[in-house]
There are 2 protein chains.
Amino acid sequence: MTRALTRKGEATRARIVAGAAAEIRERGVDEVRLEDVMARTGTSKGQLFHYFPEGKEELLLAVAQHEADQVLIDQEPMLSNLTSWPAWLAWRDRLIERYLAQGVRCPLNGLLGQAGRRGPGAQAVVTGLMWRWQKAITEGIRHMQSTGDIAPEVDADRAAAALLAGIQGGVLLLLSTGKIDHLEAVLDLTIDSLRSGARTA
Amino acid sequence: MTRALTRKGEATRARIVAGAAAEIRERGVDEVRLEDVMARTGTSKGQLFHYFPEGKEELLLAVAQHEADQVLIDQEPMLSNLTSWPAWLAWRDRLIERYLAQGVRCPLNGLLGQAGRRGPGAQAVVTGLMWRWQKAITEGIRHMQSTGDIAPEVDADRAAAALLAGIQGGVLLLLSTGKIDHLEAVLDLTIDSLRSGARTA
DNA sequence: CTAGAAATGGACCGGCAAGTCCAAAGAGCG
DNA sequence: CGCTCTTTGGACTTGCCGGTCCATTTCTAG
């Protein structure tokens, strides 16, 4: 039942997704025309609908999944190794760097706020991303607790939830205002707060 | 040069904005058709373009401004009176309550992430909102510092920036996942953190 | 080599929704 | 009471863009 794709087909499909992703980053989700994707990727309409029978919707979803994965990959190996304060700071730096470079071009942009409306598929992609992201942070906090660097009374889940929210909001404000200050403030203050909590223990 | 609007005209214009706002809340920005607004408000196309000569764009911008103002109004009188810990908690409760009630229906939704792309007008609306919001929080923190409830070393601006980002992210996650947990965590943990900072002083 | 499946190209269709236009109704004013 | 400016109604135009369709070429297997 899985589509019969030859190697060539596979490559074309990937090219379409990548091209669509680039297009979205540059122009925004709702500004993407199938035609633009075709032009950029050197494909024809027939191909688009051959690889994404459901049409635009399906393509967009594939792109979303692709970009969501990328978000986490871009944070590696830091995100999975939050095992010391220097590691946390390295992660912090990576985030700042990454989003500073990305600027206004957030590929998931259109999705985030409208996940609910864009159908259950989009919803799943977004919640999946957030879930994995938060889980990684939680594990980092737990690890720091195991080494005594973070107070055991800290509710790792709640703290991770707050930090994740802060990051999202920081990025959102970067998107809105062009300033990275909010993201920086969140990361620094939250990490500081986790850190100083150790004294209590 | 300000448009010559009779009282009746003024009323109609307001009705259109309100109707469009409602429509956006229910269906999302990009799903709004002029036709829907007409139907809901009992107006004709002639009227829409009479009151908003630039068309949809201009109408949407008017709605955005309207809703942005509402966001802050909804937080009053708490937001302007963050002068004691009970007051902060009351504000917290109001936020939770408001966004819980609102659920997925965020009128500014489409704007937030795409302010940059939606033209300078939208950008201005969003940054203006964020600016005013953050300023109010900053003033709250400063006041608490003046009464010794928050340590003087706290950088009020930075702390406010972080809190604002947290709130935005919390709302975003509410929109994406339907859960209010993130917003709650941000508010509680951040306020706690500000509170415990007092001990240091 | 060849049959069948996959991949590709691109002409064409159809609907939708923004925006235009003008005619007519209503309201304020001397 | 009639002039003018605002308000209103709604038919019509127009361009865009997603989606359909089929002819053609390329690939793979036996």
Side-chain angles (χ1 to χ4, degrees), chain A residues 1-24 26-64 110 114 117-119 121-122, chain B residues 1-24 26-64 110 114 117-119 121-122:
Chain A
M1 195 37 241
T2 48
R3 292 151 294 221
L5 285 188
T6 69
R7 181 157 306 153
K8 192 176 177 189
E10 202 76 64
T12 303
R13 202 193 120 103
R15 188 155 41 94
I16 292 174
V17 171
E23 207 66 31
I24 288 175
E26 289 178 17
R27 309 163 97 87
V29 200
D30 8 84
E31 301 305 321
V32 180
R33 330 251 161 251
L34 254 30
E35 214 176 317
D36 302 329
V37 177
M38 286 161 50
R40 175 185 282 260
T41 60
T43 48
S44 66
K45 212 153 226 178
Q47 285 165 288
L48 281 190
F49 282 85
H50 178 66
Y51 294 107
F52 303 94
E54 310 268 286
K56 199 180 188 183
E57 190 93 352
E58 191 182 354
L59 171 58
L60 255 36
L61 198 58
V63 171
Q114 317 177 16
R117 312 189 203 269
R118 285 241 189 225
Chain B
M1 194 43 241
T2 49
R3 291 152 295 224
L5 286 188
T6 68
R7 181 157 305 154
K8 193 176 178 189
E10 202 77 64
T12 302
R13 203 193 119 104
R15 187 155 43 92
I16 292 174
V17 171
E23 207 66 28
I24 288 175
E26 290 178 17
R27 308 164 98 86
V29 200
D30 8 86
E31 301 305 320
V32 179
R33 331 250 162 253
L34 255 29
E35 213 177 319
D36 301 329
V37 177
M38 286 161 50
R40 176 185 284 259
T41 60
T43 49
S44 66
K45 211 153 225 177
Q47 285 166 288
L48 280 190
F49 283 85
H50 179 66
Y51 294 107
F52 304 93
E54 310 269 287
K56 199 181 188 182
E57 190 93 352
E58 190 181 354
L59 170 59
L60 254 36
L61 198 59
V63 171
Q114 316 177 16
R117 311 190 204 271
R118 285 243 189 222

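Chain letters run A, B, ... following the sequence lines, proteins first, then strands; residues in each count from 1. Everything numeric in this text was worked out from a predicted model, so none of it was measured.
- Contact of the B:Phe52 side chain with the B:Glu57 side chain is not registered, since no non-hydrogen atoms from C-beta on lie closer than 4.5 Å.
- B:Leu48 places its CG atom 13 Å from the C1' atom of D:dT7, with the value rounded to the nearest Å.
- The separation between B:His50 atom NE2 and D:dT8 atom C1' is 9 Å, rounded to whole Å.
- Listed pair B:Thr12 / D:dT7 fails the phosphate criterion, with no side-chain N or O lying under 4.0 Å from OP1 or OP2.
- Looking only at side-chain heavy atoms (C-beta outward), B:Ile24 and B:Leu60 come within less than 4.5 Å of each other.
- Distance, A:Asp30 CG to D:dC17 P: 12 Å, rounded to whole Å.
- Closest heavy-atom contact between B:Leu61 and B:Gly121: CD1-C, 3.6 Å.
- At a threshold of 4.5 Å between non-hydrogen side-chain atoms, the residues B:Thr43 and B:Tyr51 do not count as touching.
- The phosphate of C:dT8 (OP1 or OP2) has a side-chain N or O of A:Tyr51 nearer than 4.0 angstrom.
- B:Val17 pairs in a side chain to side chain contact (heavy atoms under 4.5 Å, CB included) with only one of the listed residues (B:Val63, B:Val37, B:Thr12), which is B:Val63.
- A salt bridge does not link B:Lys56 to B:Glu54: none of the charged nitrogens lies less than 4.0 Å from a carboxylate oxygen.
- Remark: C1' of D:dC16 and CG of A:Asp36 are 12 Å apart, rounded to the nearest angstrom.
- Atom pair A:Glu31:CD and D:dC17:C1' shows a separation of 13 Å (rounding to whole Å applied).
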**Study point:** Annotated protein contacts, base or backbone, on nucleotides 9-30 of chain C with a non-hydrogen cut-off under 4.0 Å, one of B, S, - each
**Key:** BB------SBBB----------

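- Atom pair A:Arg15:CZ and C:dA7:P shows a separation of 12 Å (rounding to whole Å applied).
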